[in-house]
Amino acid sequence: MERSLILRFLLAHRHNFTDHLRAPPASANRGVVDLIEAFIEANWDKPIDIEKLANVSARTMFREFALAGRGSPGQLAKRLRLQRAAEFLRRPEKKTTVTAVARCGFQNLGRFASDYAQLIGEWPS
């Protein structure tokens, strides 16, 4: 509430930083976003450690992803894992099961099935 009041006051009156406050937000740093995307794609089957993704803070990383319109690093990892699961299920081997495919990053099988159906458009079974 306090921040909101201060911001409204600063926007209502002309001062040295008015131009900075009224300027459009900076665009995403594509280098950071590309680096994180490449890391997640290369390590899609492993747990993602946010501290290892880039040499920036977690806050900066999430902001850059949001500015680029990509959601979050976690959402990207989930989409990649579901797409890989779909590839495995479309070209199954003799021992391929839905449960085994779900193990590529999903702990809850029910959540895997519903997320898979939402993204891919069909149930994994």
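Because the structure is a prediction, the values reported are computed rather than measured.
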Could you check Val32 against Thr60 for side-chain contact (heavy atoms from CB on, under 4.5 Å), going step by step and ending with a plain yes or no? CA-CA 9 Å; Val32 171; Thr60 299; 5.6 Å; no

List in chain and number order the residues that pass side chain to side chain contact (heavy atoms under 4.5 Å, CB included) with Asp45, two or more places apart in sequence or in another chain; answer none if no residue qualifies. none

Val33 to Ala68 - nearest heavy-atom pair and separation: CG2-CB, 4.1 Å

Mind checking side chain to side chain contact (heavy atoms under 4.5 Å, CB included) for Glu122 and listing every partner two or more places apart, or none if nothing turns up? Arg90, Tyr116, Ile120

side-chain hydrogen bond (donor to acceptor under 3.5 Å, both in side chains) partners of residues 66-88, not counting sequence neighbours, each pair once: Glu37-Arg70, Lys78-Asp115

Which heavy atom in Ile36 sits nearest to a heavy atom in Phe65, and how many Å separate them? CG2-CE1, 3.4 Å

Distance in Å, Leu35 CG paired with Met61 CE, rounded so as to fall on 0.5 Å steps: 9.5 Å

Check residues 105-113 and write down every donor-acceptor pair under 3.5 Å in which the side-chain atom is one partner and the other belongs to a residue at least two apart or another chain.
{"unit_1": "Asn108", "atom_1": "OD1", "unit_2": "Gly110", "atom_2": "N", "d": "2.9"}
{"unit_1": "Asn108", "atom_1": "OD1", "unit_2": "Arg111", "atom_2": "N", "d": "3.0"}

By side chain to side chain contact (heavy atoms under 4.5 Å, CB included), which residues pair with Arg8, not counting sequence neighbours? Ser4

What's the separation between atom CG in Leu82 and atom CG in Leu119, rounded to the nearest 0.5 Å? 5.5 Å

What residues, two or more places apart in sequence or in another chain, satisfy side chain to side chain contact (heavy atoms under 4.5 Å, CB included) together with Arg59? Ser57

